[in-house]
Novice: 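After the structure tokens below, expect a handful of questions from me.
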Amino acid sequence: MPGTAAVKHLSQLSKVVKRKLSLFWGEALGGSTRINAMVLTRGPPSNYNDWSQEYGLKDWAWERVEPYFIKSENAIGHPKALYRGHRGPVENRQMPLPFSCYPYIEIAARKLGFPIYDDCNNPAAGAQGYFSLDHTISASGRRFSAYQAWLNKDVAIARKSHLTVCTGVTVSKLEIDPESRRAVGVRIHGKGKTSDEDYRVKARREVVLCAGAIGTPPILMRSGIGPEDQLDQLGIPIVQESSAVGNNLMDHISVPIMCKLPARDTIHSLYNPLVFIWQLILWIFFGRGLLAHSSTSSTIFARMTAIDDTTLQVQTSRDGIDTMDPMNPQNVPDVEIMVIPVSCYLDVNVTTHPLMTWQCTLVQPFSKGSLRLATTSPEHFPEVIHPLLRDDRDLVPMRKAIRMSLRLGQEFARSGYPHPAPVLYGPGMDLQYLDSIFGFVTQLPDKEEDKKGEITELPDWQTISDKTIDEYAHRTYQSSLHYACTCRMSLDPADGVVDQRLRVFGVERLRIADASVFPKIPSGHTMAPTMMVAERCADFIKETWRDKESLRI
Ligand SMILES: Cc1cc2nc3c(=O)[nH]c(=O)nc-3n(C[C@H](O)[C@H](O)[C@H](O)COP(=O)(O)OP(=O)(O)OC[C@H]3O[C@@H](n4cnc5c(N)ncnc54)[C@H](O)[C@@H]3O)c2cc1C
């Protein structure tokens with residue numbers, strides 16, 4: 001899509017509370033990897049074994065996808081680890097944030113029974129734990145995006161005889177030959193200086209769509225591939241009825257619990273102009289300092305059914321199952337609690353204090369959303385019905401995750417950390433205040449009013465009611481910006497959009513390689529799994545065409 005590096009789009013309102021929600025993605029070569037938080041997580045092996053067992057997608061079991069994670073990466077932070085890749089294009093390393101609170105956070109995590117792991121991408125690590133994260137950051141402290149990895153200037157120049165990169169254009173639709181039902185090209189639309197211009201790009205072999213989980217379904221629908229009723233309404237001739245196009249939208253859903261810390265232990269320290277200038281100098285000249293980091297360097301993954309209801313302690317065995325076995329689909333983590341030393345209210349600025357967030361995130365939600373074309377114009381965004389907590393089954397793990405965060409906050413405050421760390425933003429807050437900052441009221445309250453909304457007493461995780469937690473969650477939940485599954489892979493054309501080799505059902509020579517094809521959202525953040533899908537797609541294409549006559553065209 002043309003335009004800025006990132007767009008903001010308001011999705012449909014929550015089903016419980018009137019509020020708006022912003023969805024972002026990157027509009028640039030490399031997509032959202034140009035603006036994301038650079039956290040590289042493959043997701044545990046159990047995720048992919050779940051795809052294989054639950055959906056019958058045997059080609060996507062852990063043993064089949066692991067080689068592609070290895071192929072894609074260069075894990076600088078783990079030079080000796082055999083289970084990591086060291087020759088791939090995606091450079092990544094560990095960049096622990098330099099704050100003194102971290103050892104105490106680790107103590108709090110241990111108190112709840114979480115083992116500590118130094119590599120989130122170690123497939124042998126336990127299914128639950130406190131993990132150090134890898135980041136796609138270069139040695140000079142710069143973002144290492146998909147663009148940098150696969151399509152940087154050197155690559156583009158080396159391939160200039162057979163590669164054309166068109167920027168500033170929108171793919172409006174596919175060209176599909178009605179007789180052979182083959183994708184034979186794409187139509188693109190570019191804004192000229194004086195008039196809009198349309199171009200046709202011919203495909204000699206295949207078309208691969210990778211416009212993301214929000215961008216790919218509209219292209220299919222405009223080309224006549226999608227739910228019949230929607231296409232009929234917009235007068236789009238049907239090429240292939242496919243009810244799964246645009247459906248099953250999944251995302252990770254986060255609720256922030258925030259405590260006050262000294263500014264020097266948070267990213268808010270950059271609000272001090274002197275600190276900011278110093279950090280800028282460090283970054284520009286030495287590639288170091290706070291600006292060379294992501295906003296988070298450690299996280300907790302947990303399976304809520306393996307957490308004791310009363311004590312909130314990790315249970316390593318339950319009903320005879322080893323709950324730490326990372327291969328077992330029954331152990332797929334359903335909650336992540338990210339430790340983020342900055343305010344995580346994405347849409348609003350509440351920085352009257354330096355804050356650290358326990359970001360409670362549902363990573364295996366039941367809730368699903370959908371998107372539909374608003375018009376046939378490629379310039380119009382689709383209508384998005386976001387999944388955020390639409391399914392009440394999600395409230396159960398979310399409540400537990402929030403209680404766990406409150407307990408972590410309590411253990412952290414008692415860990416020996418030499419400063420008070422009161423929870424200021426969490427369940428029990430003034431609801432009117434929350435409505436005013438997250439609802440349709442766009443004017444922020446002034447500072448005095450702001451303070452009225454904060455909690456004065458630490459909520460007790462043992463006695464706080466479900467109602468109080470739900471009221472807070474419904475007002476503050478947000479998207480983790482991990483949109484997925486809107487063109488999901490399936491064995492059954494009636495239930496999905498692509499087959500196991502990423503080919504669109506019913507149309508030849510058309511594949512999809514982006515986060516829309518996941519049959520179910522992985523528990524890890526979605527960048528590395530998307531890169532794995534892309535690497536696999538490249539191999540599928542090579543295998544298909546290796547022996548074909550047409551390769552000699
Ligand atoms: C702010 C933010 C932070 C994130 N942080 C992390 C993180 O730390 N770790 C992580 O693992 N994941 C993170 N993610 C998610 C991760 O970046 C995405 O899951 C991943 O990039 C998805 O890749 P994709 O190819 O499916 O889609 P995208 O990366 O969104 O790429 C799709 C591209 O297609 C373009 N496009 C769409 N429609 C059209 C059209 N009609 N014509 C032309 N171009 C089109 C879009 O503009 C975009 O450039 C984050 C995402 C965001 C937005």
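In listed order, ligands and their atoms are each counted from 1.
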Novice: For atom 30 (O) of ligand 1, which of the options P529, S32, G31 provides the nearest non-hydrogen atom?
Specialist: S32
Novice: Only one of K202, R509, R222, R187 passes salt bridge (Lys or Arg N to Asp or Glu O under 4.0 Å) with E175; say which it is.
Specialist: R187
Novice: Considering all heavy atoms of both residues, which atom of L40 and which atom of T136 are nearest to each other, and what is their separation?
Specialist: CD1-CG2, 3.8 Å
Novice: Quick check: does S516 get an N/O under 3.5 Å from an N/O on ligand 1?
Specialist: no
Novice: Would you say N331 and S46 are linked by a side-chain donor-acceptor pair, where the criterion is simply a distance under 3.5 Å?
Specialist: no
Novice: Purely on distance, is any nitrogen or oxygen of M38 under 3.5 Å from one on ligand 1?
Specialist: yes
Novice: Please assess D59 against R501 for the test salt bridge (Lys or Arg N to Asp or Glu O under 4.0 Å), listing each intermediate value before the final yes or no.
Specialist: CA-CA 9 Å; D59 274 354; R501 294 176 75 83; 5.4 Å; no
Novice: Compute the shortest N/O to N/O distance between A213 and ligand 1 and return yes if it is under 3.5 Å, no if not.
Specialist: no
Novice: Both conditions, 6.0 Å and 45 degrees, for the charged tip of R42 above the ring of W62: are they met here?
Specialist: no
Novice: Report, in ascending order of atom number, the atoms of ligand 1 lying under 4.0 Å from any heavy atom of A37.
Specialist: 3 (C), 4 (C), 5 (N), 6 (C), 7 (C), 8 (O)
Novice: Only one of N248, L371, N247 passes side chain to side chain contact (heavy atoms under 4.5 Å, CB included) with T486; say which it is.
Specialist: L371
Novice: With a cut-off of 4.0 Å, which atoms of ligand 1 are near a heavy atom of A28?
Specialist: 49 (O)
Novice: For ligand 1, is there an N or O atom under 3.5 Å from any N or O atom of L40?
Specialist: no
Novice: From the options L29, V533, I214, L481, select the one whose nearest heavy atom is closest to atom 51 (C) of ligand 1.
Specialist: L481
Novice: Please tell me whether Y55 and D50 have a donor and an acceptor in their side chains that are separated by less than 3.5 angstrom.
Specialist: no
Novice: For C210, take its heavy atoms, then give the atoms of ligand 1 lying under 4.0 Å from any of them.
Specialist: 32 (C), 34 (O)
Novice: Mark yes or no for whether R390, through its side chain, and L388, through its backbone, hold a donor-acceptor pair below 3.5 Å.
Specialist: no
Novice: If we ignore hydrogens and angles and just use 3.5 Å, is the side chain of R93 paired with the main-chain N or O of I137 as donor and acceptor?
Specialist: yes
Novice: Could you walk me through whether D394 and S367 pass side-chain hydrogen bond (donor to acceptor under 3.5 Å, both in side chains), step by step?
Specialist: CA-CA 7 Å; D394 283 334; S367 299; 2.5 Å; yes
Novice: Side chain or backbone of T526 under 4.0 Å from ligand 1, or both, or neither, by non-hydrogen atoms?
Specialist: both
Novice: Any idea which atoms of ligand 1 are less than 4.0 Å away from a heavy-atom of M527?
Specialist: 10 (C), 11 (O), 12 (N)
Novice: Is there at least one pair of N or O atoms, one from I35 and one from ligand 1, spaced under 3.5 Å apart?
Specialist: no
Novice: Would you check the N or O atoms of G30, main chain and side chain alike, for any that come under 3.5 Å of an N or O of ligand 1?
Specialist: no
Novice: Considering distance alone, does some N or O of T170 sit under 3.5 Å from an N or O of ligand 1?
Specialist: no
Novice: Could you tell me, atom by atom, which parts of ligand 1 come under 4.0 Å of a heavy atom of G26?
Specialist: 46 (C), 47 (O), 48 (C), 49 (O)
Novice: Need the ligand 1 atom indices (1-based, order shown) with element for anything under 4.0 Å from a heavy-atom of F24.
Specialist: 53 (C)
Novice: Give yes or no for whether the N/O distance cutoff of 3.5 Å, strictly under, is met between T41 and ligand 1.
Specialist: no
Novice: Give the numbers and elements of all ligand 1 atoms closer than 4.0 Å to a heavy atom of A515.
Specialist: 26 (O)
Novice: Tell me which part of P378 gets within contact of ligand 1: side chain, backbone, both or neither, using heavy atoms under 4.0 Å.
Specialist: neither
Novice: In ligand 1, which numbered atoms sit nearer than 4.0 Å to a non-hydrogen atom of T530?
Specialist: 22 (C), 23 (O), 24 (P), 25 (O), 26 (O)
Novice: Evaluate the ring planes of H525 and F301, with Trp represented by its six-membered ring, and classify them as parallel (under 30°), tilted (30 to 60°) or perpendicular (over 60°).
Specialist: perpendicular
Novice: Is the ring pair Y271/H268 parallel, tilted or perpendicular, if the boundaries are 30 and 60 degrees?
Specialist: parallel
